[in-house]
*Asks:* 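First, the structure itself, so that you have it in front of you.
For the single chain, residues carry numbers from 1 onward in sequence order. Just so it is clear, the values below take in all heavy atoms, side chains as well, and ignore hydrogens, waters and symmetry mates.
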Amino acid sequence: MVLISCRNCHKIYEKEDYSEFTCERCNHKVTRRIPNSLQTSFALLICAILLYIPAMIFPMMEITQLGVNIHSTILEGVISFLEMKSYFIAIVIFTASVAIPLIKLVGLLIIFSSLKIKVKMENKTKVLVYKFIEAIGKWSMIDIYVVALLSSIVQLDEIFNIKGGIAATSFGLMVILTMLAANKFDTRIIWDDRK
């Protein structure tokens with residue numbers, strides 16, 4: 001006899017084997033593991049890593065002030081806030097827009113690759129890293145909220161105008177793909193014996 005739980009409502013069943021069945025409580029399909037979970041999550045992560053590059057090198061905001069266009073990347077924005085001695089804002093933007101996404105991407109990459117190749121890392125550590133990534137995931141969207149808010153409020157044609165740049169789209173897609181990669185990943189795979 002084996003114990004298996006529904007991933008949707010968490011009801012536990014005692015079964016003869018791990019064959020698929022439908023949950024009595026919520027009609028959700030119960031399987032031992034989510035099919036192709038690691039492959040799907042890894043593919044989404046690779047796409048997110050590829051989107052991180054244009055998010056860092058292209059302009060996040062395009063500001064038109066008295067007919068003059070000013071473009072700034074995320075790091076240029078951090079540097080300009082440091083020059084204005086707005087250290088708190090610079091730290092918040094750097095943390096939310098550069099550090100947290102990088103931590104998420106590297107953390108997921110370490111977890112996923114450690115399941116494919118032999119890495120000396122305890123399963124508990126992998127789960128802790130995964131839970132940390134899930135907890136900080138939502139804080140990456142601060143930049144997108146700021147750009148969207150400013151773009152919707154400040155619209156004075158050629159006098160003063162703010163709109164999102166290419167990096168805003170890349171950054172938003174990167175955050176969404178990272179969250180999907182973490183959400184699609186079946187953490188129970190970590191505990192499976194890999195040979």
Side-chain angles (χ1 to χ4, degrees), residues 1-56 95-145 147-148 164 166-195:
M1 293 299 241
V2 294
L3 293 175
I4 188 167
S5 68
C6 176
R7 196 164 156 84
N8 191 41
C9 70
H10 305 291
K11 181 175 180 179
I12 298 175
Y13 294 92
E14 192 173 333
K15 295 286 184 178
E16 293 291 328
D17 57 9
Y18 288 112
S19 57
E20 291 182 8
F21 64 94
T22 304
C23 178
E24 297 166 359
R25 184 187 293 168
C26 66
N27 291 330
H28 190 264
K29 187 169 107 175
V30 180
T31 58
R32 183 170 187 250
R33 300 289 178 261
I34 297 172
N36 301 321
S37 169
L38 181 61
Q39 292 85 348
T40 305
S41 296
F42 199 68
L44 289 168
L45 179 66
I46 298 297
C47 292
I49 290 170
L50 293 175
L51 284 168
Y52 184 76
I53 298 164
M56 290 298 123
T95 304
S97 303
V98 179
I100 289 176
L102 196 59
I103 289 168
K104 283 170 36 182
L105 293 172
V106 170
L108 287 173
L109 188 63
I110 288 170
I111 292 170
F112 297 163
S113 58
S114 73
L115 294 173
K116 286 292 184 186
I117 56 175
K118 293 290 180 191
V119 176
K120 287 190 176 184
M121 185 178 190
E122 288 189 30
N123 290 341
K124 287 182 182 179
T125 308
K126 292 175 192 174
V127 171
L128 283 173
V129 170
Y130 177 80
K131 287 185 178 183
F132 177 73
I133 288 166
E134 267 195 326
I136 65 171
K138 56 185 158 273
W139 296 103
S140 298
M141 290 298 274
I142 289 175
D143 256 12
I144 303 302
Y145 293 138
V147 171
I166 296 170
T169 306
S170 298
F171 190 83
L173 288 171
M174 184 263 309
V175 170
I176 290 168
L177 287 177
T178 309
M179 288 178 1
L180 284 173
N183 193 17
K184 275 288 194 188
F185 180 62
D186 188 355
T187 53
R188 298 173 297 180
I189 295 171
I190 293 173
W191 300 101
D192 290 346
D193 290 326
R194 299 227 169 239
K195 299 196 164 67

*Asks:* Rounded to the nearest 0.5 Å, what separation is found between the CG atom of Leu177 and the OG atom of Ser170?
*Replies:*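 Reported value, rounded in 0.5 Å steps: 10.5 Å.
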
*Asks:* Keeping Tyr52 on the side-chain end and Val98 on the backbone end, is there a donor-acceptor pair under 3.5 Å?
*Replies:*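 Between the backbone of Val98 and the side chain of Tyr52 there is a qualifying donor-acceptor contact (under 3.5 Å).
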
*Asks:* Using the side chain to side chain contact (heavy atoms under 4.5 Å, CB included) rule, take Thr187 and Lys131 through it: C-alpha gap first, then chi angles, then the decisive distance, then the call.
*Replies:* CA-CA 10 Å; Thr187 53; Lys131 287 185 178 183; over 6 Å; no

*Asks:* Is there a side-chain contact between Thr31 and Lys29 in this structure, where contact means two heavy atoms from C-beta onward sitting under 4.5 Å apart?
*Replies:*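 They are in side-chain contact.
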
*Asks:* Please, which pairs that meet salt bridge (Lys or Arg N to Asp or Glu O under 4.0 Å) have at least one residue in residues 37-51, sequence neighbours excluded?
*Replies:*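 For residues 37-51: none.
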
*Asks:* Just to verify, what does Tyr130 make a side chain to side chain donor-acceptor pair (under 3.5 Å) with, not counting sequence neighbours?
*Replies:*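 Tyr130 satisfies side chain to side chain donor-acceptor pair (under 3.5 Å) with Glu134 only.
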
*Asks:* Could you note down all residue pairs passing ring pair (Phe, Tyr, Trp, His ring centres under 6.0 Å) where residues 97-128 supplies at least one of them, sequence neighbours left out?
*Replies:*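 Listed by first then second residue: Phe112-Phe185.
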
*Asks:* Can you tell me which residue pairs pass the salt bridge (Lys or Arg N to Asp or Glu O under 4.0 Å) test with a partner in residues 167-186, sequence neighbours excluded?
*Replies:*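 Qualifying pairs, neighbours excluded: Arg7-Asp186, Asp186-Arg188.
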
*Asks:* To the closest 0.5 Å, what do you measure between CG (Asn8) and CG (Asn27)?
*Replies:*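 Reported value, rounded in 0.5 Å steps: 10.0 Å.
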
*Asks:* Using 0.5 Å steps for rounding, measure from the CD1 atom of Ile133 to the CD1 atom of Ile110.
*Replies:*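 Separation between the atoms: 8.0 Å.
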
*Asks:* Applying side chain to side chain contact (heavy atoms under 4.5 Å, CB included) to Lys15 and Met1, what does each step give before you reach the verdict?
*Replies:* CA-CA 6 Å; Lys15 295 286 184 178; Met1 293 299 241; over 6 Å; no

*Asks:* For the NZ atom of Lys104 and the CG atom of Leu109, what is their distance to the nearest 0.5 Å?
*Replies:*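 It comes to 14.5 Å.
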
*Asks:* Identify the residue among Ile100, Leu108, Leu51, Leu44 that makes a side chain to side chain contact (heavy atoms under 4.5 Å, CB included) with Thr178.
*Replies:*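 Only one of Ile100, Leu108, Leu51, Leu44 forms a side chain to side chain contact (heavy atoms under 4.5 Å, CB included) with Thr178, namely Leu108.
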
*Asks:* How close do Leu105 and Ala48 get, counting heavy atoms only, and between which atoms?
*Replies:*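 Scanning both residues completely, I find the closest heavy atoms to be CD2-CB, 3.8 Å.
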
*Asks:* Please tabulate, one pair per line, all N/O donor-acceptor pairs under 3.5 Å involving side-chain atoms of residues 17-26, not counting sequence neighbours.
*Replies:*
{"unit_1": "Asp17", "atom_1": "OD1", "unit_2": "Ser19", "atom_2": "N", "d": "3.4"}
{"unit_1": "Asp17", "atom_1": "OD1", "unit_2": "Ser19", "atom_2": "OG", "d": "2.9"}
{"unit_1": "Glu24", "atom_1": "OE1", "unit_2": "Lys11", "atom_2": "NZ", "d": "3.4"}
{"unit_1": "Arg25", "atom_1": "NH1", "unit_2": "Cys9", "atom_2": "O", "d": "3.3"}

*Asks:* When rounded to the nearest 0.5 angstrom, what is the spacing between CE in Met121 and NZ in Lys126?
*Replies:*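 If we round to the nearest 0.5 Å, Met121:CE and Lys126:NZ are 7.0 Å apart.
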
*Asks:* Which residues pass the side chain to side chain contact (heavy atoms under 4.5 Å, CB included) test with Ile53, not counting sequence neighbours?
*Replies:*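 Scan of Ile53 (side chain to side chain contact (heavy atoms under 4.5 Å, CB included), adjacent residues dropped) gives Ile57.
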
*Asks:* Do Thr40 side-chain atoms and Ser37 backbone N/O form a donor-acceptor pair below 3.5 Å?
*Replies:*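 Here the side-chain-to-backbone pair does not exist.
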
*Asks:* Taking C-beta and beyond as the side chain, do Pro54 and Phe171 meet within less than 4.5 Å on heavy atoms?
*Replies:*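 Of all side-chain heavy-atom pairs linking Phe171 with Pro54, none is under 4.5 Å.
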
*Asks:* Would you compute the distance between atom CG of Leu45 and atom CG of Leu38 and round it to the nearest 0.5 angstrom?
*Replies:*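 Spacing of CG (Leu45) from CG (Leu38) equals 10.5 Å.
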
*Asks:* Closest heavy-atom contact between Ile111 and Ser114?
*Replies:*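 The pair with the smallest heavy-atom distance is O-OG, 2.7 Å.
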
